[in-house]
Chemist: 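Below you'll find the structure I mean.
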Amino acid sequence: MNSRVSWSVEGIDPSVRERAEAAARRAGMSLNDWLTSTIGNSAPDFRAPADQVRARNPHAVVLSGGPASVYADDAPRIDPGIFELGIPTLGICYGMQLMALELGGEVERTGASEFGKTEMHADESALFAGTPPDQTVWMSHRDSVTAPPAGARVVAGSPSTPIAAFEEPARKVYGVQFHPEVAHTPHGTDVLKNFLYSVADAPPAWTPAAVIEEQVERIRAQVGRERVLCALSGGVDSAVAALLVHKAVGDQLTCVFVDHGLLRANEAEQVVATFDGHFHVPLVHVQAEERFLSRLEGVEDPEQKRKMVGEEFIRVFEEEARKIGNVRFLVQGTLYSDVIESGGEDGVAAKIKSHHNVGGLPADMQMQLVEPLRLLFKDEVRRVGEELGMAERMVWRQPFPGPGLSIRIIGDVTRERLEILRTADAILQQEIRRVGLYRDLWQSFAVLPAIRSVGVQGDERTYAYPIVIRAVTSEDAMTADWARLPYELLETISSRIINEIPGVNRVALDLSSKPPATIEWE
């Protein structure tokens, strides 16, 4: 959960303040509290005492997963009084283990870890109502609950984890060791619905239209009459963020698209044509290939690449802000998955990689961030984009990392390697679209490891690069499975890449899921 911050109501434009006060009244809060809980962070700190949780009058509490062991000295803890509030509480993975430990159960490192797909048997219960007894779930844990809390009933188990779920309706506490929130737990959504709608009696109030209305109010309250820049990448995240801000503040917004020389084939032209031509939002196109490539010269470490690209982006935006004059706010399409993988709020999650728009930001940046998507996942952003009237091709564009092809070259980034990778990726995308699989995949892309291997072409020895094909299915990027592409398609892709790109003599296929791998290689 996120930390709370305080906001001052001084200096807010009167018309904006009036709208913010109306929103605060609807929420039953003071204006300052509403600003604190919306413009700042919208969830209480996980360390909040039970009385603060009670004061928010929640329908339910969810304790999420995390990388720690409950026995680690720095393991996240919560006030155990939360379990005595009578508020329905669901513990997921680490949350279940912490719940069990605090309520008198036992958690141990059994030596039987589980990562990825697991077959689980579920009994008839509140959580598993309407789901089959034998089902596939997605696990990711080393510690396991070996004894449930007194009074709790074990309602699911797997061969390696006999206690995969428990329930104690009297105290309204429920725990699952697997991850119901990911696409690779097929009945996970049913489990969450059972908890939220049946156990907690929470209303199904989330809609894209409600998100738009809420975010427009927040943006207006934060920005007032100030000028705003939006960091536009061409992807669905930054495009939706831009449209939300434009809906909120109109011509106070200017979008800046930075061509850093690390894009895919013809991508810059497509972004400018699509956004400038269809949305009629002021757009500045900055050609910055030289400055980005010069900064990346000789850099091999992926974290360093991400931070350099993130910092250089900010410097470009600051320069453009000075040209416009007195711009205080910068819009980014940051998602919650970016925040989590970069270490979460207050560093309570493990840092998988510093996303350029989170961990890669310079400490001395001069503009304040506006991030209307920061608590949303990609599938939610796409639904908001559809509600805003975005074209299907843009809404369903596969994710592309901010540092671009620089983190798909494993090693030093050079112009030669960029051109090879750009061409290989173009071939891959053409063939994926040709057979109609583009929408079925979360991501499909090529990777160039900066190594060479021996081959034979035209009866001659070659010493050339390999290209690795990566294609995955997912819904939110937090977990992913490798896509089972048809052999005939793989054969065509491999043949075209090797025959059409000088300097490549080998094509490999990545068959790893997330976890244990990540989607991107760097």
Side-chain angles (χ1 to χ4, degrees), residues 183-184 233-239 262-271 273-274 335 337 377-379 381-382 385-386 390-410 417-449 465-514 517-522:
H184 297 100
S233 70
V236 62
D237 306 331
S238 63
L262 306 169
L263 299 171
R264 292 175 287 198
N266 304 315
E267 191 161 28
E269 295 83 356
Q270 293 171 7
V271 169
T274 299
L335 303 188
S337 53
F377 287 101
K378 179 79 72 176
D379 58 323
V381 171
R382 284 181 167 142
E386 289 175 331
M390 287 177 58
E392 181 183 23
R393 185 179 180 90
M394 180 172 284
V395 170
W396 290 99
R397 180 179 180 267
Q398 290 181 3
F400 186 67
L405 299 180
S406 71
I407 57 168
R408 293 179 178 173
I409 294 173
I410 314 305
R417 292 170 182 170
L418 280 170
E419 190 56 35
I420 289 173
L421 181 56
R422 192 174 283 123
T423 306
D425 189 80
I427 291 171
L428 173 64
Q429 299 306 320
Q430 290 166 11
E431 294 300 326
I432 291 289
R433 289 184 181 277
R434 180 183 63 81
V435 298
L437 289 178
Y438 186 83
R439 278 283 299 270
D440 296 334
L441 302 175
W442 175 264
Q443 272 179 279
S444 53
F445 56 91
V447 178
L448 192 157
Y465 292 114
I467 289 292
V468 180
I469 301 302
R470 179 73 160 144
V472 299
T473 58
S474 183
E475 285 192 7
D476 55 17
M478 297 310 297
T479 61
D481 197 14
W482 61 277
R484 276 63 170 175
L485 299 178
Y487 286 160
E488 295 80 3
L489 173 61
L490 293 171
E491 181 181 23
T492 300
I493 293 169
S494 176
S495 177
R496 284 195 60 192
I497 288 174
I498 292 173
N499 289 333
E500 297 178 25
I501 306 177
V504 175
N505 65 2
R506 194 179 299 272
V507 173
L509 180 65
D510 184 344
L511 304 183
S512 51
S513 63
K514 175 187 179 180
T518 57
I519 297 176
E520 297 285 349
W521 274 41
E522 291 196 339

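Just so it is clear, the model here is predicted, and its values are computed rather than measured.
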Chemist: Does the side chain of R264 come within less than 4.5 Å of F445's, by heavy atoms?
Modeler: no
Chemist: Search all heavy atoms of A471 against all heavy atoms of L485 and return the closest pair with its distance.
Modeler: CB-CD1, 3.9 Å
Chemist: Looking only at non-hydrogen atoms, find the nearest pair between I420 and Y465 and report the distance.
Modeler: CD1-CD1, 3.8 Å
Chemist: May I have the step-by-step check of side chain to side chain contact (heavy atoms under 4.5 Å, CB included) for E392 and R439, ending in yes or no?
Modeler: CA-CA 10 Å; E392 181 183 23; R439 278 283 299 270; 2.6 Å; yes
Chemist: Return yes if some donor-acceptor pair links the side-chain N/O of N499 with the main-chain N/O of S495 below 3.5 Å, else return no.
Modeler: yes
Chemist: Please check: side-chain N/O of Y438 versus main-chain N/O of Q398, any donor-acceptor pairing under 3.5 Å?
Modeler: yes
Chemist: Give a yes or no answer on whether the side chain of R470 reaches the backbone of S512 with a donor-acceptor pair at less than 3.5 Å.
Modeler: yes
Chemist: Once you round to the nearest 0.5 Å, how far does CG of N505 lie from CD1 of I497?
Modeler: 12.5 Å
Chemist: For I407 and P401, work out which heavy atoms get closest and say how close.
Modeler: CD1-CB, 3.6 Å
Chemist: Taking the side chain as every heavy atom from C-beta outward, state whether K514 and V472 have any atom pair closer than 4.5 Å.
Modeler: no
Chemist: Is there a donor-acceptor pair closer than 3.5 Å between any side-chain N or O of E475 and the backbone N or O of W442?
Modeler: no
Chemist: Taking NZ, NE, NH1 and NH2 as the nitrogens, is one of them in R408 or E520 under 4.0 Å from a carboxylate oxygen of the other?
Modeler: yes
Chemist: So, for L428 and A446, which heavy atoms are closest and what is the spacing to 0.1 Å?
Modeler: CD2-N, 3.8 Å
Chemist: According to salt bridge (charged side-chain N to carboxylate O under 4.0 Å, His left out), does anything in residues 487-501 pair up with another residue at least two apart or in another chain? List the pairs.
Modeler: E431-R496, R496-E500
Chemist: Could you pull out the closest heavy-atom pair between R382 and P399, with the gap in Å?
Modeler: NH2-CD, 4.0 Å
Chemist: Quick one: does NZ or CZ of R393 land under 6.0 Å from the six-membered ring centre of W396, within 45 degrees of the ring axis?
Modeler: no
Chemist: Which value, rounded to the nearest 0.5 Å, describes the distance between I493 atom CD1 and R434 atom CZ?
Modeler: 8.5 Å
Chemist: Are the side chains of L262 and L418 in touch, meaning some heavy atoms are under 4.5 Å apart?
Modeler: yes
Chemist: Heavy atoms, side chains only, cut-off 4.5 Å: are P486 and L437 in contact?
Modeler: yes
Chemist: Mind running side chain to side chain contact (heavy atoms under 4.5 Å, CB included) on D425 and I467 for me, showing each step along the way?
Modeler: CA-CA 9 Å; D425 189 80; I467 289 292; over 6 Å; no
Chemist: Taking the side chain as everything from C-beta on, heavy atoms only, tell me whether E522 gets closer than 4.5 Å to V447.
Modeler: no
Chemist: Measure from the side-chain N and O atoms of S494 to the backbone N and O of V507, and report whether any donor-acceptor pair falls under 3.5 Å.
Modeler: no
Chemist: Which heavy atom of P449 sits nearest a heavy atom of P466, and at what distance?
Modeler: CD-O, 3.6 Å
Chemist: When rounded to the nearest 0.5 angstrom, what is the spacing between CD in E419 and CG in L421?
Modeler: 10.0 Å
Chemist: Less than 4.5 Å apart, any side-chain heavy atom of L448 and any of L405?
Modeler: no
Chemist: One pair to check against side chain to side chain contact (heavy atoms under 4.5 Å, CB included): T473 and H184. What are the steps and the verdict?
Modeler: CA-CA 9 Å; T473 58; H184 297 100; 3.7 Å; yes
Chemist: Judged by atom type as modelled, is there a donor-acceptor pair below 3.5 Å linking the side chain of R422 to the main-chain atoms of L263?
Modeler: yes
Chemist: Check whether any side-chain heavy atom of I427 sits under 4.5 Å from a side-chain heavy atom of I501, and report yes or no.
Modeler: yes
